[in-house]
Amino acid sequence: MDALDRSLLLLGSAYLTAVATLALTGDRRPDIYVSVSALTYFIYVSLDETLRRSSKLAPINLLVLTIFISAVVYRALTLFGWYG
Amino acid sequence: MNYKYIIIGIDIIFASTAAIAIALYNGYESLLGVGFSLLVLGVIISGIGLTSVEPLDRFFRDITELNTKIIGKVLEDTGLLYAPGVRTCLNGADSVVIHGGGVGCGSVRPGLGVYEGRVYLAIPLSAVPPTNVAEALDSENIPALDELLRDALLRTYALGRDVTVTRSGREIKVALHDLRPEVIGLIKSPLNPLKIVLASLVSKVLRREVIVVSDDVLGEDYVIEMRVL
């Protein structure tokens, strides 16, 4: 198996484990799912050198970071009662 | 670009979009979260597919082997193969590291040449890697020799597991422990690049000329002894 194949398979497994755990706990907040997904991605990327070496991750990181910040802002707005 | 990952990513995006649509239509909030998560995963995998590049490790290894063979042939033809002395010469902009036994600094110039009837190969000191050491030396707080060697050989190049530096008078002994097998292969090549790099590095850090007294591979360790001139 190619090194990048293995890396993506592990990323997918880590990702699905996190999401499945949230689903099993019965969490119904979509922003929490998105936040946990983004964090899983960042933690995995920081551990896997193959993934960092094989791709230019800067634009993907920027996009995932934007999604994560949006999810956090949405949660904050909801908590303060300014949205939703 | 890797089309396999792009297609997998797009498939996941389609599946997640369907999941989101179903969740919105039926009011399944958990499925909505899973759908959004999968959407992010699809985007990540597509992005990796779009930006992935094949690693060039294999290419560089083959090119290094080719260069080693070419240099080995040149050294053999010029009689330098059996004159393994390495020393550095600090002549300002013309600072070089010389491969060729018994050659004094005098008017040695970079390149392949003859001085006092002896053939030498002189490499400009500024061209010898690693370059990040030059930046460290230009700074106001110059790190200690062993810290610089550790940074260059272990953190930058990951050649082995540890470096020990022993100084006694004008003698400096550098031991690089648990070398990687590929590095041991390079050390045994006619123009030992590690010997050149270490002599240059020590010379640059101390701002003194050095001459390599001996070097040896002991199991998985490489030990080089230099004398500061």
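A note on names: the letters A, B, ... follow the listed sequences, proteins ahead of strands, and every chain is numbered from 1.
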**Request:** Measure B/Tyr28 against the heavy atoms of chain A and call it side chain, backbone, both or neither at under 4.5 Å.
**Result:** neither

Would you say that more than 12 heavy atoms from the other residues, nucleotides or ligands in this model lie under 6.0 Å from the [atom1] of [X], or not?
X: B/Arg180; atom1: CZ; answer: no
X: A/Phe42; atom1: CZ; answer: yes
X: A/Lys56; atom1: NZ; answer: no

**Request:** Mind checking the CG-CG spacing from B/Asn2 to A/Asp5? Nearest 0.5 Å is all I need.
**Result:**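 Spacing of CG (B/Asn2) from CG (A/Asp5) equals 7.5 Å.
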
**Asked** Measuring from A/Leu4:CG to B/Tyr5:OH, what's the distance to the nearest 0.5 Å?
**Response** 3.5 Å

**Message:** Shorter than 4.5 Å, heavy atoms on both sides: which option in B/Val34, B/Leu32, B/Ile45, B/Leu38 has the most such pairs with chain A?
**Reply:** B/Val34

**Message:** Only heavy atoms, only distances under 4.5 angstrom. Which residues in residues 28-41 of chain A are near chain B?
**Reply:** A/Arg28, A/Pro30, A/Tyr33, A/Val34, A/Ser37, A/Tyr41

**Message:** Please give me the minimum heavy-atom distance between B/Ile48 and A/Ser55, naming the atom from each residue.
**Reply:** CG2-OG, 3.5 Å

Show me the donor-acceptor pairs, under 3.5 Å and distance only, between side chains in residues 10-23 of chain A and residues at least two apart or in other chains.
unit_1, atom_1, unit_2, atom_2, d
A/Ser13, OG, A/Leu9, O, 2.7
A/Tyr15, OH, B/Ser37, O, 2.6
A/Tyr15, OH, B/Leu41, N, 3.2
A/Thr17, OG1, A/Ser13, O, 2.6
A/Thr21, OG1, A/Thr17, O, 2.5

**Message:** If we ignore hydrogens and angles and just use 3.5 Å, is the side chain of B/Thr51 paired with the main-chain N or O of A/Leu57 as donor and acceptor?
**Reply:** no

